[in-house]
2 protein chains.
Amino acid sequence: MEAPNPVSENSDSKSSRTRQRILKAAAGIFRQQGYTSASLREIAESAGMQAGSLYYHFDSKEDLAEAVMDEGVAAARRSAEQALAALGGGEDALSAIEAAFRGHLAYLLEESDFAVATLRMLHQTPEAIRKRHTRKQRQFGQFYAGLFKQARRDGLIRDDFDLSALRMLLLGALNWSPEWFDEGRLTAEQLVHQLSMMMRNGLMPPRLRVVPGAATAR
Amino acid sequence: MEAPNPVSENSDSKSSRTRQRILKAAAGIFRQQGYTSASLREIAESAGMQAGSLYYHFDSKEDLAEAVMDEGVAAARRSAEQALAALGGGEDALSAIEAAFRGHLAYLLEESDFAVATLRMLHQTPEAIRKRHTRKQRQFGQFYAGLFKQARRDGLIRDDFDLSALRMLLLGALNWSPEWFDEGRLTAEQLVHQLSMMMRNGLMPPRLRVVPGAATAR
DNA sequence: GTCTATAGGTTGATAGAC
DNA sequence: GTCTATCAACCTATAGAC
């Protein structure tokens, strides 16, 4: 059984279901325009109300943006963790990373408003918001860091890789994908499969791979 | 011998060297704040003049932004092509890609104002600018596409990779790196080395790699 | 809870003196 | 070429009616 209402934190439906409608509208507008360009008038219109009415539900534009960003990271993380949990636990550590990537990227490319808005707002929001948000995003990063550490413990990532750099580079490939995905021809799952093939065996055909030490016996 | 003045297109120094000063200031401000938040007053101040005076050199804020973005892609491309040319031409096609990455990333992380401002402004600029810019960026993409095609012709990239997706994923890793580089401990060159190792042989130690077909003889 | 009306501030851009 | 001064437009946020 899953959480009944993904976007909400407090009580469920009665009083503030409008709040969710506003958040969804804001995510869409913020995604298109970023934080600064987006006006509360536009957001209100998209939510079917007047600008002034927003202030009954949120204290300020900053508050609204932070709520969208909170949901952006939380939902991406939920999606990654669910895909990981669906594996059952019998797989190797690289498969775990790939599963998390699959869930993460599927959310980013398919239900993207919150997460993409979050990525695009990062450098425009006031510092107070950004500081808090960076902390939350780093917690998500630690989730991935744990998976990479496990893969190294299991001998699946060689010692000459810097785990932190590797993780940031790969997550960067995911985070940037909303910028070009519309024009691509592959699904989110197929994109992760491309990454997965590269992570396991590199780009080259087997006969060309460099095998530094012993490679014949065993 | 290289181009004497990287940032200029027209005649050299006499009349419009102030233009370059303004462009540099604009790149810095746009990088911090994005397109919409940045005010012409701030840019003017950073360039040591008054806001009204900018209009002697540029027709509008849009114009100024487009000039910064043009230089952003042009400089990144120059840096990638120079690093590639420095190889001498005797290397294999994967080394060519890695060299271009090295030049590209060094510019992005070390002289970054123009390029990073460009990346961050993309979704805030008026559509007319964005449309023209996308065309220029796609030309840069074609430069990389040529390198990947050559690597495939040389048998260095297996047939089960989608060259376009692979290129976009790897360039995404580069483009996202300014978001986290400040906190990292590796140089641009070392980061490319991480990518390079993964591209050639994957993450796993040799003994664990899957060798699907014949692998013993030859 | 949502509306209308508006205060108060900032912005891009223009005009004209120097 | 650069300055000062200013306009018109837009924004966030608040106040008070309903």
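Every heavy atom of this structure was used, including side-chain atoms; hydrogens, water molecules and symmetry mates were not. Here is how names work: the chains are called A, B, and so on, in the same order as the sequence lines, proteins then strands, and each is numbered from 1.
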Using a heavy-atom cut-off of 4.0 Å across all strands, would you classify A:A38 as base, sugar-phosphate, or nothing?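 Here A:A38 touches the backbone only, sparing every base.
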Give the rounded distance in Å between these two atoms: [atom1] of [X] and [atom2] of [N].
X: B:Y55; N: C:dA17; atom1: OH; atom2: P; result: 21 Å
X: B:E45; N: C:dT11; atom1: CD; atom2: P; result: 12 Å
X: B:L54; N: C:dT11; atom1: CG; atom2: P; result: 13 Å
X: B:Q50; N: D:dT2; atom1: CD; atom2: P; result: 12 Å
X: B:R21; N: D:dG1; atom1: CZ; atom2: P; result: 12 Å
X: B:D63; N: C:dA13; atom1: CG; atom2: P; result: 9 Å
X: A:F58; N: D:dT12; atom1: CZ; atom2: P; result: 15 Å
X: A:E62; N: D:dT12; atom1: CD; atom2: P; result: 12 Å

Other residues, nucleotides, ligands: >12 heavy atoms within 6.0 Å of A:Q190 CD: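 Atom CD in A:Q190 is crowded, with more than 12 foreign heavy atoms closer than 6.0 Å.
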Candidate nucleotides [options], ranked by approach to the side chain of [X] - the nearest:
X: B:H57; options: C:dA13, C:dC3, D:dT2; answer: D:dT2
X: A:S53; options: C:dC3, C:dA13, D:dA13; answer: C:dC3
X: B:S39; options: C:dG12, D:dC3, D:dT12; answer: C:dG12
X: A:K61; options: C:dG12, D:dT12, C:dC3; answer: D:dT12
X: A:R41; options: C:dT4, C:dG12, D:dC11; answer: D:dC11

Between B:F140 and B:Y144, how do the two ring planes meet: parallel, tilted or perpendicular, split at 30° and 60°?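 Ring orientation of B:F140 relative to B:Y144: tilted.
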Non-hydrogen side-chain atoms of B:R138 and B:T134 separated by less than 4.5 Å: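 Touching, per the 4.5 Å side-chain cut-off.
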Is there a donor-acceptor contact under 3.5 Å linking the side chains of B:R17 and B:Q20?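 Absent: no donor and acceptor within the cut-off.
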Can you list the steps and then say if B:R120 with B:E179 is a salt bridge (Lys or Arg N to Asp or Glu O under 4.0 Å)? CA-CA 10 Å; B:R120 290 194 184 147; B:E179 299 290 322; 3.4 Å; yes
Can you tell me if A:Y56 touches the phosphate of C:dT2, counting only side-chain N or O atoms and a distance under 4.0 Å to OP1 or OP2?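 It does not, given that no N or O in the side chain of A:Y56 lies less than 4.0 Å from OP1 or OP2 of C:dT2.
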